[in-house]
Amino acid sequence: MELLSLRILFLLCCIFAMSECRGACAEVDSDTEAVAGKGFKLGCISCKMRREVEATATVEWYFRPKGEADFVHIYTYNEEGPLIEHDDFMDRLDWNGTKRSQDIQDGSIYLHNVTFNDTGTYRCFFNRILFYSNHENSTVISKVVQLTVVAKATRGTASIGAEVMMYVSIIGLQVWLLIEMIYCYRKISAAGEEALREAANAEYLAIASESKENCAGVQVGE
C-alpha cells in the first residue's frame, strides 16, 4: 500500500513538472523581414519573472513609417478585446498572442496583405499589473521590431537567429523537465526506502515482542 501511494505521488509530481514546462514562457525575438502581399507575424513576448504571481496586462502597438519622425497608435488589446486604432491597418491586423487569459505574456499580432508602406519601426507596450499579497505593482515593458518589406523572401540572419533561439529554448525546457523528473524520482525513492525500513523495523519488533511473550508463557507453564 505504501509503495502504491509513493508511485501515485511520483506520477503526480511528473504531471506537475510537465504542466510547468508547458506553461513556461520564452522570449523570442520577432522576425524582421516580410514579403509584400503575404501575411506577417509581428512578435512581441514579455515573460513574467515570477510565474506564481497573478497579473493582468494590456498591449498597445505603435508604428513609425520609414523616414517619418513620429509614431502612430495602430492597435490595442485589453480585457474588452482587440481594437484597430489606425485606418491604414483596418481589417489587416489580427490578435496572435495570449488567448483566454488577462495575464498576457505574448502580445504578438498578425499583419495581413503586407505592403511596402508597412516598412518601418513597430513598438509594442505591455502595461502589466502584478498582484502581490499586500500591494500591486505596475510595470511598462516595450519591445521594438524593425520591419523590412521585400518583394521576394530571403532567409536573413535575424530569421535564422530567431529560429535558433526558439530551438535553444525548447531544448532548455526539456532539460529542465528531465531534471525535475529525476529530482522527483530520487525524492520518492528515498521516501520509499524509508517506508520499507520502517515497515521492516515494525515487523521485527512485532516478531520480537511475540517471541518474548511466547517465552514468558512457556516459563509460566513450567
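A heavy-atom distance below 4.5 Å is not found between the side chains of Ile84 and Arg92. Counting heavy atoms from C-beta outward, Asp88 and Asn117 have side chains that stay 4.5 Å or more apart. With contacts defined as side-chain heavy-atom distances shorter than 4.5 Å, the pair Leu147/Thr32 does not qualify.
Pairing each heavy atom of Cys44 with each of Phe126, the nearest pair is SG-CE1, 3.3 Å. Looking at every heavy atom in both residues, Ala57 comes nearest to Ile104 through O-CD1, 3.3 Å. Across all non-hydrogen atoms, the minimal contact from Arg128 to Ala55 is CG-CB, 4.2 Å. Shortest non-hydrogen contact noted between Cys47 and Ala26 is SG-N, 3.6 Å. Annotation for Val35 and Lys152: closest pair CG2-C, 4.3 Å, computed over non-hydrogen atoms. Minimum interatomic distance between Asp106 and Ser108 (heavy atoms only, all atoms of both residues): OD1-OG, 2.6 Å.
The hydrophobic clustering, which links ILVMFWY residues whose side-chain heavy atoms are closer than 4.5 Å, places Phe116 and Leu111 together. There is a path of hydrophobic side-chain contacts, each under 4.5 Å, that joins Ile171 to Ile179. By the criterion of side-chain heavy atoms lying less than 4.5 angstrom apart, applied directly or through intervening Ile, Leu, Val, Met, Phe, Trp or Tyr residues, Phe89 is grouped together with Val149 in one hydrophobic cluster. Under a hydrophobic-cluster definition in which Ile, Leu, Val, Met, Phe, Trp and Tyr are linked whenever side-chain heavy atoms come within less than 4.5 Å, directly or via other members, Tyr77 and Met90 are assigned to the same cluster. When hydrophobic clusters are built by joining Ile, Leu, Val, Met, Phe, Trp and Tyr residues whose side-chain heavy atoms come closer than 4.5 Å, directly or via intermediates, Val114 is not grouped with Val150.
Separation of atoms CZ (Arg64) and OG1 (Thr119) is listed at 13.5 Å; rounding is to 0.5 Å. The CG atom of Leu83 sits 8.0 Å away from the CG atom of Asn78 when rounded to the nearest 0.5 Å. Atom CG of Leu42 and atom CD1 of Ile109 lie 5.0 Å apart (nearest 0.5 Å). The structure places CD of Gln146 at 14.0 Å from CD of Glu33, a figure rounded to the nearest 0.5 Å. We find the CD-CD1 distance between Glu85 and Ile74 to be 9.5 Å, quoted to the nearest 0.5 Å. Rounding to the nearest 0.5 Å gives a distance of 10.0 Å between CG of Asp91 and NE2 of His112.
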* Starting from the C-alpha separation in whole Å, work towards a yes-or-no answer on side chain to side chain contact (heavy atoms under 4.5 Å, CB included) for Thr76 and His73. => CA-CA 8 Å; Thr76 298; His73 192 187; 2.9 Å; yes
* Would you check, one step at a time, whether the test side chain to side chain contact (heavy atoms under 4.5 Å, CB included) holds for Phe63 with Tyr75? => CA-CA 9 Å; Phe63 171 57; Tyr75 192 86; over 6 Å; no
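Checking Ser101 against Asp103 by side-chain atom types alone, no donor-acceptor pair falls below 3.5 Å.
Note: Tyr62 and Phe125 have perpendicular aromatic rings, judged against thresholds of 30 and 60 degrees for the angle between ring planes. Note: Tyr132 and His135 have parallel aromatic rings, judged against thresholds of 30 and 60 degrees for the angle between ring planes. Ring planes of Trp61 and Tyr122: perpendicular class, angle over 60° (limits at 30 and 60°).
In this structure, Glu54 places its CD atom where only 12 or fewer heavy-atom neighbours from other residues, nucleotides or ligands lie under 6.0 Å away.
At least one donor-acceptor pair under 3.5 Å links the side chain of Gln105 to the backbone N or O of Lys48.
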